[in-house]
A.B. asks: 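This is the structure I want to talk about, given as structure tokens.
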Amino acid sequence: MHRNKRLLSDNLARKTKPESKRFTIWDTQQTGFGLRIAVSGKSSWIAKYRVGQGRGGKQALVTLGSPPALSADDARAKAGQLIVAGRQNIDLKDQWEAEGKQREKDRKEQILEGYGEASAQNPAYIKNAWQAAINLSTDNSPRYTRNQMRLLKHITERFGSTLKTKDLTTDDITQIKRELSATPSEFNRFRAVLYTVLENEIYEQRLDRNHLKRIPPNPIKFRQTILTDKGIKQFKEFFFEASTFDENEQNYARFVACLLLTGQRPTMMRTLRVKDDDVSNYVNWQQGSMIFRTHKTSKIIPEKEVAIPLSNNALSIMQEASLHGPKNTFVFSSPDQRAHFRDLAISEKRAQSFFRKHAEQFEKEGHEGLVLYSLRHTFGSTMANSNIPIIQVSKMMLHTSIQTTQKYLKTTWKNRLEAAERIDEVF
């Protein structure tokens, strides 16, 4: 059976994973009834029908609702009603969309009533408040929701699932911070979510104060390890000639070289396609630029698309990479020619292992080892310290805030040495 035609069910809606472009699975039981999966992972029941008789009727497409709010059977029944009414030249689209908005409003009110107002008979629990906060946000990606639930485990594993929001003390949160001291960024993510949950409880008048305001987040040190000027020269001599590597490693060498030349995140560089498909990130060969439509977390970039110009070296290396796998749609294609891997991008895990195998031979500045992301930091630091306007560096690196780019303006040993040589001139 064709993969785009299945018997639609609630279980299928939960298990279907997003792909690089939006797609629809049509029901085998009810004609015109389908499940649409967006690139972000959001799924929706849809109905496609004609208003009027025959092929001359006007086509209509209605979003019936999302699987968490509407079951497959209910959505299928409603799709049938819309199709039958359409054949009678009656369009119920506007009526259904108005009912859908009211139904979504009722669902949110029902969620809030589910954990109710704080009282001896119906107390507000952290777990319920957390889950309600997730359900109230309908645009969350599956990855975001999984992270929310994983962070919730920090509470439930220590205090059980029936901890009341009003009983969560400063000492309890401090204990969690102490236990997560080895992973400070993990506590910061946990604290950010919990802060929102407690603020919602205060807004709903179930709490009087937010204890988290007394517990600051962990300071996260900006990674200081970058390639020195000598290290960049060594890197170029080693990686910029891919033919010196085995055939299975050549595209990994090109991928690593382009990370330094573009300063982009490895996860985003892997997604670049050879041609424009109206959905994915791709390389515009005529313009000599990368076109990004999706961000590292699979969320849509605020602008419709962002163009990042390429240097001549980066463009020629990408052209070599695209010719290495002419039948693959990705610029940096997988070297594995088995049927399952033939149309996939290179593995980021293998790219990291490949770089780690050679990273020790390049001169670096910093106390930590070089990783793939160090190439992005090297790009940012080099650009920011080369008298290029900070706003241009920020745009090139797709930073949402210029404050993030300002972290790259740290002083290198070369900067400090030049300052020391000028002391005699100043004084």
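None of these values were measured; they are calculated from a predicted model.
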A.B. asks: Using a 6.0 Å cut-off, check whether atom CZ of R36 has over 12 heavy atoms from anything other than its own residue.
C.D. replies: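 Atom CZ in R36 is crowded, with more than 12 foreign heavy atoms closer than 6.0 Å.
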A.B. asks: Using the ring of each side chain (for Trp, its six-membered ring), is H358 parallel, tilted or perpendicular to F239, with breaks at 30° and 60°?
C.D. replies: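 Perpendicular, since the angle between the ring planes exceeds 60°.
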A.B. asks: Is it the case that the side chain of S333 and the backbone of T329 share a donor-acceptor pair, with hydrogens and angles ignored and the cut-off at 3.5 Å?
C.D. replies: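 Judged by distance alone, no pair lies under 3.5 Å.
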A.B. asks: Could you tell me whether the side chain of N281 and the main chain of R293 form a donor-acceptor pair under 3.5 Å?
C.D. replies: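 Yes.
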A.B. asks: Establish, from distance only, whether the side-chain atoms of Q392 and K395 form a donor-acceptor pair under 3.5 Å.
C.D. replies: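 Not at all, the side chains of Q392 and K395 share no donor-acceptor pair under 3.5 Å.
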A.B. asks: Any chance you could lay out the side-chain contact (heavy atoms from CB on, under 4.5 Å) test for V371 and Q352, step after step, and finish with the verdict?
C.D. replies: CA-CA 7 Å; V371 295; Q352 290 171 343; over 6 Å; no
A.B. asks: Nearest heavy-atom pair of P266 and F255: which atoms, and what distance?
C.D. replies: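 Scanning both residues, the minimum pair turns out to be O-CZ, 3.7 Å.
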A.B. asks: Could you tell me which non-hydrogen atom of A60 sits nearest to which non-hydrogen atom of V51, and how far apart they are?
C.D. replies: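 It is CB-CG2, 4.5 Å.
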A.B. asks: Taking the side chain as every heavy atom from C-beta outward, state whether T162 and I126 have any atom pair closer than 4.5 Å.
C.D. replies: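 Contact flag for T162/I126 side chains = no.
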A.B. asks: Closer than 3.5 angstrom, by distance alone: can the side chain of D167 be matched with the main-chain N or O of L163 as a donor-acceptor pair?
C.D. replies: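 Pair absent, no side-chain N/O of D167 close to backbone of L163.
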A.B. asks: Could you measure the distance from the CZ atom of R270 to the OG atom of S347? Nearest 0.5 Å is fine.
C.D. replies: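 Here the rounded value is 6.5 Å.
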A.B. asks: Where do L82 and A47 come nearest, in terms of heavy atoms and distance?
C.D. replies: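 In terms of heavy atoms, the two residues are closest at CD1-CB, 4.1 Å.
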A.B. asks: Any side-chain donor paired with an acceptor under 3.5 Å for S394 and H399?
C.D. replies: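 Their side chains do not contain a donor-acceptor pair, so the 3.5 Å distance test is not met.
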A.B. asks: Just verifying a value: how many Å separate E157 CD and I176 CD1, rounded to the nearest 0.5 Å?
C.D. replies: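 If I round to the nearest 0.5 Å, the distance is 10.0 Å.
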A.B. asks: Can you list the residues that meet the side-chain contact (heavy atoms from CB on, under 4.5 Å) rule with D73, with sequence neighbours excluded?
C.D. replies: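 Counting only residues at least two positions away or on another chain, D73 forms a side-chain contact (heavy atoms from CB on, under 4.5 Å) with S71, R76.
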A.B. asks: Considering only heavy atoms from C-beta outward, does the side chain of L310 approach that of L261 to under 4.5 Å?
C.D. replies: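 Result no, sub-4.5 Å side-chain heavy-atom pair not found.
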A.B. asks: Mark yes or no for whether Q264, through its side chain, and M396, through its backbone, hold a donor-acceptor pair below 3.5 Å.
C.D. replies: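 Yes, Q264 side chain to M396 backbone: donor-acceptor pair under 3.5 Å.
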A.B. asks: Kindly indicate whether the side chain of I173, heavy atoms from C-beta on, has any atom under 4.5 Å from the side chain of L212.
C.D. replies: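 SC-SC contact between I173 and L212 confirmed.
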A.B. asks: For E186, is there an ion pair with R150 - N to carboxylate O distance below 4.0 angstrom?
C.D. replies: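 Judged by the 4.0 Å cut-off on N to carboxylate O distance, R150 and E186 do form a salt bridge.
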A.B. asks: Has S401 got a side-chain atom pairing as donor or acceptor with Q403's backbone, closer than 3.5 angstrom?
C.D. replies: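 Yes, S401 side chain to Q403 backbone: donor-acceptor pair under 3.5 Å.
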A.B. asks: Please name the pair of heavy atoms, one in I215 and one in R191, separated by the smallest distance, quoted to 0.1 Å.
C.D. replies: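 Looks like O-NE, 2.6 Å.
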A.B. asks: Check this for me: Q361, atom CD, are more than 12 non-hydrogen atoms of other residues, nucleotides or ligands nearer than 6.0 Å?
C.D. replies: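 Buried by this count: over 12 neighbours within 6.0 Å.
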A.B. asks: Hey, would you say the F355 and Y373 ring centroids sit under 6.0 Å apart?
C.D. replies: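 No; Y373 has its ring centre 6.0 Å or more from that of F355.
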A.B. asks: Would N210 and R214 satisfy side-chain contact (heavy atoms from CB on, under 4.5 Å), going step by step from the backbone distance to the final call?
C.D. replies: CA-CA 8 Å; N210 190 341; R214 300 175 58 185; over 6 Å; no
A.B. asks: If the threshold is 4.0 Å, N to carboxylate O, is there a salt bridge linking E249 and R350?
C.D. replies: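 Salt bridge flag = no for R350 with E249.
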A.B. asks: With a 4.5 Å limit on heavy-atom distance, are the side chains of S44 and T63 in contact?
C.D. replies: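 S44 vs T63: side chains touch.
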A.B. asks: Is the side chain of N218 donor-acceptor paired with the backbone N or O of N188 at a distance under 3.5 Å, no angle test?
C.D. replies: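 Absent.
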A.B. asks: At their closest point, which heavy atom of M269 faces which heavy atom of C258, and how far apart are they?
C.D. replies: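 Distance-wise, the nearest heavy atoms are CE-CB, 3.8 Å.
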A.B. asks: Answer whether the closest heavy-atom distance between the side chains of H377 and T225 falls below 4.5 Å.
C.D. replies: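 With C-beta onward as the side chain, the pair stays apart.
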A.B. asks: Do the side chain of W285 and the main chain of V274 share a donor and acceptor less than 3.5 angstrom apart?
C.D. replies: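 Checking the backbone N and O of V274 against the side chain of W285, a donor-acceptor pair under 3.5 Å is found.
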A.B. asks: Quick one: are the ring centres of F245 and F238 less than 6.0 Å apart?
C.D. replies: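 Ring centres of F238 and F245 closer than 6.0 Å.
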A.B. asks: Say whether, by atom type as modelled, one donor and one acceptor occur between the side chain of T271 and the main chain of M268 under 3.5 angstrom.
C.D. replies: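 Yes, the answer is positive, given that a donor and an acceptor are paired below the 3.5 Å cut-off.
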A.B. asks: Walk me through whether D277 and S280 qualify under side chain to side chain donor-acceptor pair (under 3.5 Å).
C.D. replies: CA-CA 6 Å; D277 60 1; S280 309; 2.9 Å; yes
A.B. asks: Under the rule for salt bridge (charged side-chain N to carboxylate O under 4.0 Å, His left out), what residues qualify as partners of E363, not counting sequence neighbours?
C.D. replies: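 Partners of E363 under the salt bridge (charged side-chain N to carboxylate O under 4.0 Å, His left out) test: none.
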A.B. asks: Test side-chain contact (heavy atoms from CB on, under 4.5 Å) on D276 and I291; report intermediate values, then the result.
C.D. replies: CA-CA 9 Å; D276 182 13; I291 309 297; over 6 Å; no
A.B. asks: I'd like to know if D172 pairs up with K177 as an ion pair, taking the criterion as any Lys NZ or Arg NE/NH1/NH2 lying under 4.0 Å from an Asp or Glu carboxylate oxygen.
C.D. replies: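 No, this pair does not count.
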A.B. asks: Report the distance from atom CE of M149 to atom NZ of K153, rounding to the nearest 0.5 Å.
C.D. replies: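 If I round to the nearest 0.5 Å, the distance is 10.0 Å.
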A.B. asks: To the nearest 0.5 Å, what is the distance between CZ on F379 and CG on L260?
C.D. replies: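 One gets 8.5 Å once the value is rounded to the nearest 0.5 Å.
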A.B. asks: Is the closest side-chain heavy-atom distance between F190 and I155 below 4.5 Å?
C.D. replies: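 In contact.
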A.B. asks: Mind checking the CD-NE2 spacing from E179 to H154? Nearest 0.5 Å is all I need.
C.D. replies: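 Answer for the CD-NE2 pair, E179 versus H154, is 9.5 Å.
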A.B. asks: If we ignore hydrogens and angles and just use 3.5 Å, is the side chain of R50 paired with the main-chain N or O of Q59 as donor and acceptor?
C.D. replies: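 Not a single qualifying donor-acceptor pair exists.
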A.B. asks: Can you tell if the side chain of L227 reaches within under 4.5 Å of the side chain of L375, non-hydrogen atoms only?
C.D. replies: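 L227 reaches L375 side chain to side chain.
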A.B. asks: If you take the centroid of each ring, where Trp contributes its six-membered ring, are F292 and Y282 closer together than 6.0 Å?
C.D. replies: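 They do not qualify: ring centres at least 6.0 Å apart.
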A.B. asks: If you measure from CG on L198 to NZ on K166, what distance do you get to the nearest 0.5 Å?
C.D. replies: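 NZ of K166 is found 14.0 Å from CG of L198.
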A.B. asks: May I ask you to check whether over 12 heavy atoms, not counting those of R158, lie within 6.0 Å of atom CZ?
C.D. replies: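 Yes, CZ of R158 has more than 12 neighbouring heavy atoms, counting only those of other groups under 6.0 Å.
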A.B. asks: Quick one: does E348's side chain get under 4.5 Å of T267's, heavy atoms only?
C.D. replies: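 Yes, close enough: below the 4.5 Å cut-off.
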A.B. asks: Would you check if the distance from the ring center of W45 to the ring center of F33 is below 6.0 Å?
C.D. replies: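 When the ring centroids of W45 and F33 are compared, they turn out to be within the sub-6.0 Å range.
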A.B. asks: What pair of heavy atoms forms the shortest contact from T24 to G34, and how long is it?
C.D. replies: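 Closest approach of T24 to G34, heavy atoms only: CG2-CA, 4.4 Å.
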A.B. asks: F187 and S181: side-chain contact (heavy atoms from CB on, under 4.5 Å), yes or no, with the steps?
C.D. replies: CA-CA 8 Å; F187 172 77; S181 59; over 6 Å; no
A.B. asks: Quick one: does any side-chain atom of R189 pair with a main-chain N or O of L151 as donor and acceptor, under 3.5 Å?
C.D. replies: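 No: the side chain of R189 does not pair with the backbone of L151.
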